[in-house]
Participant: 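Below you will find the structure I want to go over with you.
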Amino acid sequence: MPPAAAPLPCVRLLATGGTIAGAHTTGRGYRAAALSIEALVAAVPQLATLARINVEQVAKLGSQDMTEAVWRKLAARVQAAVDDPALTGVVITHGTDTMEETAYFLNLVVRSDKPVVLVGAMRPATAMSADGPMNLFNAIAVATATAARGRGVLVVANDEIHFAREVAKTNTTQLGTFASGQRGLAGLVNSGRPHFYAPPVRRHTAASEFSSASAPSGTGVPPVVGTGLTRRKPALFPRLPRVDLIFAHAGMDRALIDAAVTAGARGLVIAGVGDGNLGAPALAACAAAAKKGVAIVRASRTGGGVVERNIEIDDDRLGFIAADELNPQKARVLLMLGLTRTRDPRTLQDMFFTY
Ligand code: SIN
């Protein structure tokens, strides 16, 4: 008798919606998150050659409606899945609009070396030449790859593999929207065959100081059994403080900064001009906010480069934090997490140099 074939790896597929699950309404219009995850899996029978897949519809939304509450729920589901010894990896379907923020959040809070892969699509599932099916096939392949372990949370789309920290959506409609301009790609994936390049440069997942908070020690996160038959309630990540993100521009006054502070923001990220700069009235408002204990992070609206300390703005004197390489939306994620630990600007600055 021939030896029995090794069982296929088991992957947990968590769905949140997005254009990958979108369906056309009238003309060129479509509705994101219209289709269930079961329908997406049924449309790609080839997935059964890669893995045994068990699915859960965690949310059903366009990612413009993604919230911190869903992030926390998703983090708990991912943690429960990766803690299950029967599971090889996790794939999350997600809209592309805010995928980079969810990916970076999970990159900092999930405690595991197992692959966690976010996947989306630019064309709805009902479109001519939809990109979702191949993206999903590639994402499942990456989630089963031994070489994907220890690389943090990944994003797969358009035959590319991106690190959560590096990836950004850079185009409104084109398939090649995702770019990892500064540090480059994590790898490529061709019809289910991944090729990995250099490892990620900063701390993440199992080495992140935030990942222990997703499963407070002593309570443990009970496993989701790989068959999907037994599911117990996983622990939730603690609530996140309010952090607002304000886009700087020529002629900016202080009104939006003051409004954010009045609304109760514990931190502000400024998508500053150039090297994270902002004009005198807005700068004065930020300085006043920092004096009151609001954490001020200077990021850049340019889409590339490093925001360094003390170049045109005296961060040391004003108590500001430079975003280093993070774009404004990811700086907001890190600041929210950082503020769950400290309000000290120097400690927060160290986090921006670490993650
Ligand atoms: C969304 O982010 O949910 C809509 C856009 C997309 O998925 O490409």
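Every number for a ligand or one of its atoms is a count from 1 in the order of the listing. Because only heavy atoms are used, hydrogens play no part in the values below, and waters and symmetry mates are left out as well, while side chains stay in. Throughout, residue positions are numbered sequentially from 1 according to the sequence presented.
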Participant: Is A121 touching ligand 1 with its side chain, its backbone, both, or neither, if touching means heavy atoms under 4.0 Å apart?
Facilitator: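 It is the backbone that touches ligand 1; the side chain stays farther off.
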Participant: Tell me, do L240 and L337 make a side-chain contact under 4.5 Å, heavy atoms counted?
Facilitator: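 When only atoms from C-beta onward are counted, L337 and L240 do touch, with a gap below 4.5 Å.
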Participant: Give the atoms of ligand 1, by number and element, whose distance to some non-hydrogen atom of Q64 is under 4.0 Å.
Facilitator: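 This gives 1 (C), 3 (O) as the contact atoms.
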Participant: Number the atoms of ligand 1 from 1 as they appear, then name those within less than 4.0 Å of a heavy atom of G95, with their elements.
Facilitator: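 Near G95, the atoms of ligand 1 are 1 (C), 2 (O), 3 (O), 7 (O).
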Participant: What residue and atom, counting heavy atoms only, is the protein's closest point to atom 8 (O) of ligand 1, and at what distance?
Facilitator: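 In this structure, atom 8 (O) of ligand 1 has T96 OG1, 2.5 Å as its nearest protein heavy atom.
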Participant: Got a donor-acceptor contact below 3.5 angstrom from the S36 side chain to the A39 backbone?
Facilitator: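 Looks like yes, one N/O pair under 3.5 Å.
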Participant: Got a second to check how far K73's NZ is from T16's OG1, nearest 0.5 Å?
Facilitator: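 Atom-to-atom, K73:NZ and T16:OG1 are 11.0 Å apart.
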Participant: Please write out which residues are connected to I246 in a hydrophobic cluster, directly or through intermediates, given that two of Ile, Leu, Val, Met, Phe, Trp, Tyr count as joined at side-chain heavy-atom separations below 4.5 angstrom.
Facilitator: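 I246 clusters with M252, L256, I257, V261, L268, I270, L278, L283, V294, I296, I313, L318, F320.
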Participant: Report, in ascending order of atom number, the atoms of ligand 1 lying under 4.0 Å from any heavy atom of G62.
Facilitator: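 Checking each atom against G62, I get 3 (O).
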Participant: Quick test of your reading of the structure: of A33, S63, G22, whose heavy atom lies closest to atom 3 (O) of ligand 1?
Facilitator: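 Closest candidate by heavy-atom distance is S63.
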Participant: Out of all atoms in ligand 1, which are within 4.0 Å of some heavy atom of T19? Include the element for each.
Facilitator: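 Per the distance check, 4 (C), 5 (C), 6 (C), 7 (O), 8 (O).
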Participant: Evaluate the criterion salt bridge (Lys or Arg N to Asp or Glu O under 4.0 Å) for residue pair E56 and R77; output intermediate values, then yes/no.
Facilitator: CA-CA 9 Å; E56 181 185 354; R77 294 294 198 280; 2.8 Å; yes
Participant: Please say whether H94 places an N or O atom under 3.5 Å from an N or O atom belonging to ligand 1.
Facilitator: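 There is no such contact.
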Participant: More than 12 heavy atoms of other residues, nucleotides or ligands under 6.0 Å from CD of Q64: is that the case?
Facilitator: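 Yes, enclosed.
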Participant: With a 4.5 Å limit on heavy-atom distance, are the side chains of E325 and F352 in contact?
Facilitator: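 Not touching, per the 4.5 Å side-chain cut-off.
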Participant: Report yes if some N/O of Y30 lies less than 3.5 Å from some N/O of ligand 1; otherwise report no.
Facilitator: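 Y30 vs ligand 1: no N/O contact under 3.5 Å.
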